[in-house]
Q: 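Below are the C-alpha cells for one structure; questions will follow.
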Amino acid sequence: MKAVGYKKSLPIEDQDALIDFETTKPEPKGRDIRVAVKAISANPVDYKVRKRAAPPEGETKILGYDAAGVVDAVGPDVTLFKPGDEVFYAGSIQRPGTNSEFHLVDERIAGNKPKSLSFAQAAALPLTSITAWELLFDRLGAVPGKSVDPRTLLITGGAGGVGSILIQLARRLTGLTVVATATRPESQKWCLDLGAHAVIDHGKPMKEQIEKLKLPPVALVASLTFTDQHYKSIAEFMAPQGRFGLIDDPPEFNVSAFKGKAISVHWESMFTRSSFQTPDMIAQHHLLNDVADLIDKGVLRTTLDQTLGTINAANLKRAHALLESGKSRGKIVLEGW
C-alpha cells in the first residue's frame, strides 16, 4: 500500500521531511477494523511528533490521526462495524498513522461517518471534535442543555481547529456566553460566523476588552494555544473558583497564578483513553456518533477550510508548513490517492 512517512526529524523545508513510500497492508486483530482511507486532515500534533520523535534507524514512521474511509476488514472481536461501513476517527498516538492507504484502528475510538458529509468534510472533524467535547464537558464541566448558564467561556485561539468546533459545541449545546480570541479580521469573522457571542484580540490586553463587553463572569477558559503568553493575564480577570483548561505544551506554566482564586487547572489530551486503554475508552465511539448525529441534524457544521489535493508527501509538507506558520484557519484536508 502507499503511505507517507519520515525517517528523520527534519525541518519541513527539507526535501526528506516527509517521503512517499510503499509498505505492507496491515492485518486486523482483536477489536481492530481496517479502513480504506479516503481522506485525512492535518493537525498540529502531526508536526510536533515529526519534529520530536525520530523513528528507529532504518524505519519509516507514518504520521496522521484524522481519517475518514470505508471499513474493508475487521478483527475477530469486532462488534460495532462491518466491511462496507463508512467511518471517521482520530487514531492512537502509539500506532502507525492514517497517512496510508489502509489503516488499523480500535473500533472503540471510531464512529459512523456523518451521512450528510463527504469524506473530506468528515475527515476534518474527529480529533478536534473529541478534544473540544472532552475539554468542554469532561474537563471544564460545562452542562449540556440549553438552560441559561450565568457564566462566560473564553476560548483563546478560537479560529484554529479545536476552537472552531468548541465554539459551536458551547454555543449550540450549552447556555454559556461564548467569547473567542483571534487577531486577524478574517479569523475574527470566522469565530463570529461559527457562533461566538463576541471576539477579542489576544494580541492586545484582554482584561480591558473583557470588561468593556460587560458579560457574565469568565468562569471557564479553554486555552488552546500560546498558554504561556496568556495565562497570567487571564488569571487576573477569571472568576474565583473557575476552571482553566489547556491542550498545548507551554514551555513555562506556574499553577500558583490561580491559587488565590481557587481556580482549578485541567489538561485535555484526546489520546489518553486510547493510550492507556481506559475502561471508558468506548466513550469516544459514542462521542463521534453524537457529533455525526448533530452534523446530520444541522446543529454543527464541518470545520474544513481548505483541501490541498491528494494524499502525498508534497501536499502533506504544504499542510505541515501552513500549520507551523500559525496562520491556518479551521482544518486542512487531503483526499484520495
Side-chain angles (χ1 to χ4, degrees), residues 41-45 47-48 124-125 127-129 131-133 135-136 139-140 142 151-174 176-238 242-250 253 268 300-306 319-333:
S41 78
N43 293 283
V45 66
Y47 76 73
K48 290 176 182 177
L125 289 164
L127 186 145
T128 52
S129 294
T131 301
W133 190 292
L135 180 59
L136 182 62
R139 313 294 170 234
L140 294 179
R151 301 178 295 175
T152 292
L153 165 69
L154 176 69
I155 302 170
T156 62
V162 174
S164 294
I165 197 74
L166 182 54
I167 289 170
Q168 295 183 71
L169 289 173
R171 183 64 193 270
R172 307 277 183 269
L173 302 184
T174 79
L176 292 163
T177 298
V178 182
V179 177
T181 79
T183 53
R184 295 176 296 148
E186 61 268 32
S187 298
Q188 294 173 348
K189 182 179 184 303
W190 174 268
C191 294
L192 290 169
D193 288 347
L194 289 170
H197 290 93
V199 181
I200 63 172
D201 183 347
H202 57 249
K204 300 172 182 174
M206 285 193 270
K207 185 178 180 181
E208 291 86 340
Q209 296 177 77
I210 288 287
E211 288 173 348
K212 276 184 185 175
L213 291 171
K214 294 185 168 24
L215 298 171
V218 178
L220 305 178
V221 172
S223 182
L224 307 181
T225 186
F226 299 120
T227 294
D228 55 308
Q229 296 179 23
H230 302 304
Y231 77 95
K232 289 178 182 174
S233 62
I234 289 172
E236 290 179 14
F237 61 79
M238 272 190 79
R243 293 186 174 211
F244 182 94
L246 65 159
I247 65 170
D248 60 341
D249 308 290
F253 186 74
E268 161 56 22
L300 303 177
R301 74 183 210 204
T302 181
T303 52
L304 168 62
D305 183 54
Q306 55 184 311
H320 280 227
L322 192 54
L323 287 170
E324 288 183 46
S325 76
K327 293 179 180 176
S328 63
R329 183 183 69 179
K331 293 300 298 290
I332 302 163
V333 170

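The first residue of the sequence shown is numbered 1, and numbering continues consecutively from there. We use all heavy atoms of the structure for the numbers below, so side chains are in, but hydrogens, waters and symmetry mates are not. This structure is a prediction, so every number in the text was calculated from the model and none was measured.
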Q: Do any N or O atoms from the side chain of S187 and from the backbone of A159 form a donor-acceptor pair under 3.5 angstrom?
A: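 No, because the side chain of S187 does not come within donor-acceptor range (under 3.5 Å) of the backbone of A159.
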Q: Mind checking whether L173 and W133 have side chains closer than 4.5 Å, heavy atoms only?
A: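 They are in side-chain contact.
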Q: Indicate the atoms forming the closest heavy-atom contact of A132 with I165, along with that distance.
A: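 Minimum heavy-atom contact is CB-CG2, 3.3 Å.
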Q: From S325 OG over to H320 NE2, what is the distance, rounded to the nearest 0.5 angstrom?
A: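 Going from the OG atom of S325 to the NE2 atom of H320 covers 13.0 Å.
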Q: How many angstroms lie between CD1 in I234 and CD in Q229, if you round to the nearest 0.5 Å?
A: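 The CD1 atom of I234 sits 11.0 Å away from the CD atom of Q229.
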Q: Heavy-atom count check: over 12 atoms from other residues, nucleotides or ligands less than 6.0 Å from F237 CZ?
A: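 Above 12, so yes.
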Q: Distance from L300 atom CG to S164 atom OG, nearest 0.5 Å?
A: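 Output value for this atom pair is 12.0 Å.
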Q: Could you tell me whether the side chain of V162 reaches within less than 4.5 Å of the side chain of I247, counting heavy atoms only?
A: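 I247 vs V162: side chains touch.
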Q: Distance-only, no hydrogens or angles: does the Q168 side chain make a donor-acceptor pair with backbone N or O of L194 under 3.5 Å?
A: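 Side chain of Q168 to backbone of L194, a donor-acceptor pair under 3.5 Å: no, none is there.
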Q: Only one of L176, T174, I167, V221 forms a side chain to side chain contact (heavy atoms under 4.5 Å, CB included) with L153, so which one is it?
A: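 Option passing the side chain to side chain contact (heavy atoms under 4.5 Å, CB included) with L153: L176.
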Q: Find out whether P44 and K48 are in side-chain contact, i.e. whether some heavy atom of one side chain is under 4.5 Å from a heavy atom of the other.
A: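 Sidechains of K48 and P44: in contact.
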Q: Using every non-hydrogen atom in the two residues, find where G157 and T181 come nearest and quote the distance to one decimal.
A: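 Result for this residue pair: N-OG1, 2.9 Å.
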Q: State, with a plain yes or no, whether a side-chain heavy atom of D248 is found less than 4.5 Å away from one of L224.
A: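 No, every pair of side-chain atoms sits at 4.5 Å or beyond.
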Q: As a quick check of understanding, evaluate side-chain contact (heavy atoms from CB on, under 4.5 Å) for L140 and E268, giving each step before the final call.
A: CA-CA 10 Å; L140 294 179; E268 161 56 22; over 6 Å; no
Q: Please report the closest heavy-atom contact between G158 and C191, naming both atoms and the distance.
A: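 Minimum heavy-atom contact is C-SG, 3.5 Å.
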Q: Do F253 and Y231 make the cut of ring centroids closer than 6.0 angstrom?
A: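 Ring centroids of F253 and Y231 are less than 6.0 Å from each other.
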Q: Please report the shortest heavy-atom distance between G203 and T183, naming the atom on each side.
A: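 Distance-wise, the nearest heavy atoms are N-CG2, 3.8 Å.
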Q: Distance only, no hydrogens: is a donor on one side chain within 3.5 Å (strictly under) of an acceptor on the other, for N43 and K331?
A: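 Note: N43 and K331 side chains meet the donor-acceptor criterion.
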Q: Which distance, rounded to the nearest 0.5 Å, do you find between the CD of E324 and the OH of Y47?
A: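 Going from the CD atom of E324 to the OH atom of Y47 covers 6.0 Å.
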Q: Is there a side-chain contact between I200 and L213, using heavy atoms and a 4.5 Å cut-off?
A: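 Yes, their side chains come closer than 4.5 Å.
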Q: For residues 177-209, pull every pair meeting ring-ring contact (aromatic ring centres under 6.0 Å, His included), keeping only residues two or more places apart or in separate chains.
A: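 Checked against ring-ring contact (aromatic ring centres under 6.0 Å, His included) - neighbours excluded - the pairs reaching residues 177-209 are H202-H230.
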Q: Kindly state each residue pair satisfying side-chain hydrogen bond (donor to acceptor under 3.5 Å, both in side chains) with at least one member in residues 204-223, sequence neighbours excluded.
A: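 Counting only pairs at least two positions apart or across chains, the side-chain hydrogen bond (donor to acceptor under 3.5 Å, both in side chains) contacts touching residues 204-223 are S223-T227.
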Q: Is there side-chain contact between T156 and L154, with at least one heavy-atom pair below 4.5 Å?
A: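 T156 reaches L154 side chain to side chain.
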Q: Working to the nearest 0.5 Å, report the span between CG of L135 and CZ of R243.
A: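 The CG atom of L135 sits 11.0 Å away from the CZ atom of R243.
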Q: With distance as the sole test, does R171 use its side chain to make a donor-acceptor pair with the main-chain N or O of G195 at under 3.5 Å?
A: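 The answer is yes, because a donor-acceptor pair under 3.5 Å joins these two groups.
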Q: Do I332 and D305 come within less than 4.5 Å of each other through their side chains, counting heavy atoms only?
A: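 SC-SC contact between I332 and D305 ruled out.
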Q: Could you give the distance from CG (L136) to CG (L220), rounded to the nearest 0.5 Å?
A: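 Separation between the atoms: 8.0 Å.
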Q: So, for L169 and S129, which heavy atoms are closest and what is the spacing to 0.1 Å?
A: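 In this case the closest contact between L169 and S129 is CD1-O, 4.5 Å.
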Q: Give me the atom names and distance for the closest heavy-atom approach of I155 to G163.
A: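 That would be CG2-CA, 4.3 Å.
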Q: Side-chain contact test, heavy atoms from C-beta onward, threshold under 4.5 Å: evaluate it for V218 versus I210 and give yes or no.
A: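 They are in contact (side-chain heavy atoms under 4.5 Å apart), so the answer is yes.
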